[in-house]
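The block underneath contains the structure these notes are about, expressed in structure tokens.
Owing to the predicted nature of the structure, the values given are computational and were not obtained by experimental measurement. Labels below follow one simple rule: chain letters A, B, ... track the order of the sequence lines, proteins then strands, and each chain is numbered from 1.
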Protein chains: 2
Amino acid sequence: MAGERAATLSDVAREAGVSLATASRALNGSDRVVRPELQERVLAAASKLGYTPNANAQAMARGSTETVGLLVKDISDPYFSTIAGGLADEAEKHGLLVMLCNTGGQPEREQKFLAALRRQRSRAIVLAGSDTADVRHTSEVADLLTSYLDGGGRAAAISQPRLPVDTVVIDNHGGAKALAEQLVGLGYRRAAVLTGPEDLLVSAERHAGFAEGWLEATGSKPAYVSDEFSRDGGRRAMTRLLEDGRNDGTEVDCVFAVNDLMAVGALAACRQAGVEVGPELAVAGFDDIATLRDVTPGLTTVRLPLADIGRLALELVLGKPSAELRKRSVHGEVVLRESTPPRS
Amino acid sequence: MAGERAATLSDVAREAGVSLATASRALNGSDRVVRPELQERVLAAASKLGYTPNANAQAMARGSTETVGLLVKDISDPYFSTIAGGLADEAEKHGLLVMLCNTGGQPEREQKFLAALRRQRSRAIVLAGSDTADVRHTSEVADLLTSYLDGGGRAAAISQPRLPVDTVVIDNHGGAKALAEQLVGLGYRRAAVLTGPEDLLVSAERHAGFAEGWLEATGSKPAYVSDEFSRDGGRRAMTRLLEDGRNDGTEVDCVFAVNDLMAVGALAACRQAGVEVGPELAVAGFDDIATLRDVTPGLTTVRLPLADIGRLALELVLGKPSAELRKRSVHGEVVLRESTPPRS
DNA sequence: CTGAAAGCGCTAACAC
DNA sequence: GTGTTAGCGCTTTCAG
């Protein structure tokens with residue numbers, strides 16, 4: 001069978017003894033209606049020939065596709081894969097295919113993907129986690145998006161509203177602030193924040209929110225240590241924090257890692273240093289990654305409805321376009337667990 | 001600007017004062033060469049007009065696309081997202097876009113996606129984790145794949161070789177067997193397996209491999225409890241196992257959960273039941289999910305090079321086609337951690 | 001090296 | 001209702 005030129009619509013039309021147009025109408029229910037008898041003949045011919053419509057040809061003729069693009073920094077990161085899961089689910093409901101673009105956080109790749117998505121005439125593009133303080137890159141992305149939008153595309157971002165598109169705004173600041181307040185309420189008084197790179201917005205916002213809450217509640221600013229926005233970054237930052245504290249007597253009683261991955265790294269560092277998290281030192285994270293809900297001690301964190309965020313972003317980008325930019329805010333919820341027991 | 005019909009190749013050609021053919025050749029380096037001067041003129045015109053090639057049109061004219069499809073059961077599951085990450089990386093190197101299809105384990109969806117991918121004329125399709133003992137569904141998928149292949153498509157699977165395509169075979173049996181042997185070597189004598197649904201092949205294979213290893217080493221077959229192939233399934237199965245053991249005196253000293261997620265659920269169940277994993281009861285998993293490497297106690301497991309598996313699958317499916325089906329075996333490596341200390 | 005022209009497979013006016 | 005016939009935007013013979 002191999003090599004057998006795939007059956008086309010005209011093949012089907014010929015086989016059914018009808019015109020091209022009729023075959024087309026019968027096969028895809030346009031507004032026009034086809035006589036049942038013919039309809040059946042066409043369907044029969046199509047299945048006999050093993051006909052499969054050519055989506056590319058349809059896209060050309062119709063001027064629109066059935067695909068949406070999703071840009072993430074790293075699909076193997078549970079934060080993004082959970083968002084992707086929600087978005088993929090929603091896409092399926094709309095009969096859309098999603099093009100997964102793994103940028104690896106590299107600006108060039110991001111731009112390349114954006115161009116590719118534009119070439120594909122993707123119906124819509126959702127950008128997740130592409131927030132940097134890198135102004136140059138941000139403006140290049142903004143330009144690419146703008147021309148994509150001008151061409152009739154739709155786009156949305158999941159992040160902070162720095163791009164000229166609809167966005168699902170995650171309240172990193174508020175969530176971290178609420179967490180700080182709760183921790184102070186539990187009796188903690190000396191905090192440190194484990195942050196990612198300075199130019200990573202999520203990290204910066206969570207840091208700022210926590211600092212603000214902490215300052216308002218205690219009158220003092222939390223210390224902080226920066227490292228990678230990853231499990232190992234968290235471990236290293238915590239190790240450094242522990243060492244420094246011992247050397248200069250600036251021990252803290254509570255640590256906020258700006259995401260769960262870093263928090264888990266911090267947990268590991270504590271374990272290695274013989275510090276018992278909970279009784280001796282409180283540790284909290286952010287995101288509430290599902291697979292991490294079983295670490296011990298249970299990690300206090302700020303829960304984000306990640307899957308919903310993905311769904312929401314797609315809804316937003318598929319909804320009817322409006323002149324002004326839309327924003328949909330999503331708030332986190334503080335989840336207290338054993339890693340931050342009430343301080344006695 | 002909006003609404004402005006996107007510039008086409010003919011616009012560019014006209015603007016540059018050359019023919020359509022020349023513009024095409026200049027813009028995409030066909031085998032033909034264009035005089036540098038003209039080349040430049042075309043490039044200039046293209047950038048002036050903000051020209052973006054239409055991938056759908058190219059696909060039609062060329063008869064081939066730049067996309068590959070990836071079917072996974074659940075992208076938010078770290079097992080799949082890690083595979084997806086590796087595959088996406090590799091795809092990027094080849095300049096390919098990946099269409100992510102989240103099947104949710106539903107056969108109909110899987111078939112729908114396969115059809116969609118075929119319509120899209122995807123260059124290749126990689127199926128991950130779609131292994132059921134459901135013969136009917138398997139054969140329907142096989143049929144769909146066959147006709148896709150006949151149409152010139154390429155496909156590969158990650159799993160067991162039950163489909164008529166190249167496959168990256170994961171040695172679930174061998175890995176589990178090796179784990180069993182090591183556990184016996186550590187001094188364990190009474191094991192139980194926490195399995196997923198009977199018709200899930202990965203689960204069945206791991207169970208069988210473990211049972212075989214255990215039987216050969218101890219002369220007895222491990223008990224087993226089935227539940228969902230998930231964290232909660234693991235928790236429930238473990239809870240039941242613990243209760244039963246207390247009631248009828250069949251306590252075990254060692255438990256093998258067929259994947260890390262279930263193992264983590266089992267850990268939670270033990271914690272709740274006041275059983276100390278490690279000293280009192282050994283627990284092991286399978287996969288070595290990255291984010292789970294920090295649970296306490298450290299989970300003994302069988303490490304699978306998940307990202308490599310994704311990469312490998314793409315390589316396989318992109319490599320030159322061969323008459324006979326190719327298989328690439330991937331083996332797991334037992335990683336001993338604190339959850340299975342040597343038995344004293 | 002360049003241009004003219006014939007498709008690629010399908011949809012959507014537009015007639016009948 | 002159904003058929004005819006232009007395209008959709010690009011690549012690729014086939015002639016020059």
Side-chain angles (χ1 to χ4, degrees), chain A residues 4-43 45-46 49-66 116 118-123 151-153, chain B residues 4-43 45-46 49-66 116 118-123 151-153:
Chain A
E4 198 95 31
R5 190 179 113 299
T8 72
L9 189 57
S10 356
D11 295 334
V12 175
R14 193 176 322 115
E15 173 79 23
V18 299
S19 75
L20 231 197
T22 301
S24 171
R25 300 198 265 251
L27 252 21
N28 75 8
S30 70
D31 45 349
R32 255 115 165 82
V33 182
V34 181
R35 194 178 355 140
E37 180 205 331
L38 284 192
Q39 170 103 19
E40 257 173 51
R41 237 159 65 200
V42 175
L43 259 29
L49 265 37
Y51 170 71
T52 308
N54 181 323
N56 289 300
Q58 293 183 310
M60 267 200 65
R62 298 208 254 249
S64 85
T65 62
E66 307 270 70
R118 187 172 172 213
R119 263 196 314 259
Q120 297 291 332
R121 301 298 188 263
S122 265
R123 238 222 216 353
Chain B
E4 197 96 32
R5 193 180 111 297
T8 71
L9 225 209
S10 357
D11 295 334
V12 176
R14 195 177 320 116
E15 173 78 23
V18 300
S19 75
L20 231 196
T22 303
S24 172
R25 301 198 262 250
L27 251 22
N28 75 9
S30 70
D31 45 350
R32 256 114 166 81
V33 182
V34 181
R35 197 180 350 141
E37 181 206 330
L38 284 192
Q39 169 103 19
E40 256 174 52
R41 240 161 61 201
V42 174
L43 259 29
L49 265 37
Y51 169 71
T52 309
N54 181 322
N56 289 299
Q58 293 183 308
M60 263 198 65
R62 297 208 255 248
S64 84
T65 63
E66 306 269 69
R118 186 171 174 213
R119 262 195 316 259
Q120 298 290 331
R121 301 298 190 260
S122 268
R123 236 223 219 350

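- Each of B/Leu20 and A/Tyr51 was matched to the nucleotide of DNA chain C holding its nearest heavy atom; the match closer to the 5' end belongs to B/Leu20.
- Between the C1' atom of C/dT2 and the CG atom of B/Leu27 lies a distance of 16 Å, rounded to the nearest Å.
- If you find the closest nucleotide of DNA chain C to B/Ala61 and to B/Val34, the one lying nearer the 5' end belongs to B/Val34.
- Among residue pairs with one or both ends in residues 33-42 of chain A, those qualifying as side chain to side chain donor-acceptor pair (under 3.5 Å) are A/Arg35-A/Glu37, A/Glu37-A/Arg41; sequence neighbours excluded.
- The two residues B/Arg25 and B/Val34 come nearest to each other via the heavy atoms CB-CG2, 3.7 Å.
- Computed from coordinates, the A/Arg121 CZ to C/dC10 P distance equals 20 Å when rounded to whole Å.
- Remark on the helix from C/dC1-D/dG16 to C/dC16-D/dG1: inter-end axis angle 40°, axes from five-pair C1' superpositions, rounded to 10°.
- To the nearest 0.5 Å, atom OH of residue A/Tyr51 and atom CG of residue A/Leu9 are 4.5 Å apart.
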Identify each atom pair where a protein N or O and an N or O of nucleotides 14-16 of chain C are less than 3.5 Å apart, giving names and distance.
from	atom 1	to	atom 2	distance (Å)
C/dC14	N4	A/Arg32	NH2	3.3

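- Going from atom OG of A/Ser64 over to atom CZ of A/Arg123 covers 5.0 Å, rounded to the nearest 0.5 Å.
- Here B/Leu38 lies in heavy-atom contact (under 4.0 Å) with sugar-phosphate atoms only.
- In summary, contact between chain A and DNA chain D, defined as any nucleotide atom under 4.0 Å from a heavy atom of the protein, begins and ends at D/dG1 to D/dG9 in the 5' to 3' direction.
- Donor-acceptor pairing under 3.5 Å is recorded for the side chains of A/Arg118 and B/Thr52.
- The stretch residues 53-60 of chain A touches DNA chain C through A/Pro53, A/Asn54, A/Ala57, A/Gln58, each having a heavy atom under 4.0 angstrom from the strand.
- When every heavy atom of A/Pro53 is checked against every heavy atom of A/Gln58, the shortest pair comes out as CB-NE2, 3.8 Å.
- For B/Ala45, the side-chain contact (heavy atoms from CB on, under 4.5 Å) partners at least two apart in sequence or on another chain are B/Val12, B/Glu15, B/Ala16.
- When all heavy atoms are compared, the tightest approach of A/Leu27 to A/Leu43 is CD1-CD1, 3.2 Å.
- Between the B/Thr65 side chain and the B/Ala59 main chain, no donor and acceptor come within less than 3.5 Å of each other.
- Residue B/Gln39 contributes atom CD, which lies 13 Å from atom P of C/dG3 at whole-angstrom precision.
- The nearest pair of heavy atoms linking A/Met60 to B/Ala57 is SD-CA, 3.4 Å.
- Following rounding to the nearest Å, B/Arg41 (CZ) and C/dC1 (C1') show an atom-to-atom distance of 13 Å.
- With hydrogens and angles ignored, the 3.5 Å screen pairs a side-chain donor or acceptor of A/Asn56 with a backbone N or O of B/Gln120.
- In plain terms, the two heavy atoms of A/Ala7 and A/Leu49 that are nearest each other are CB-O, 3.7 Å.
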Report task. Determine, stepwise, if the pair B/Arg119 / A/Asn54 fulfils side-chain contact (heavy atoms from CB on, under 4.5 Å). Result -> CA-CA 5 Å; B/Arg119 262 195 316 259; A/Asn54 181 323; over 6 Å; no

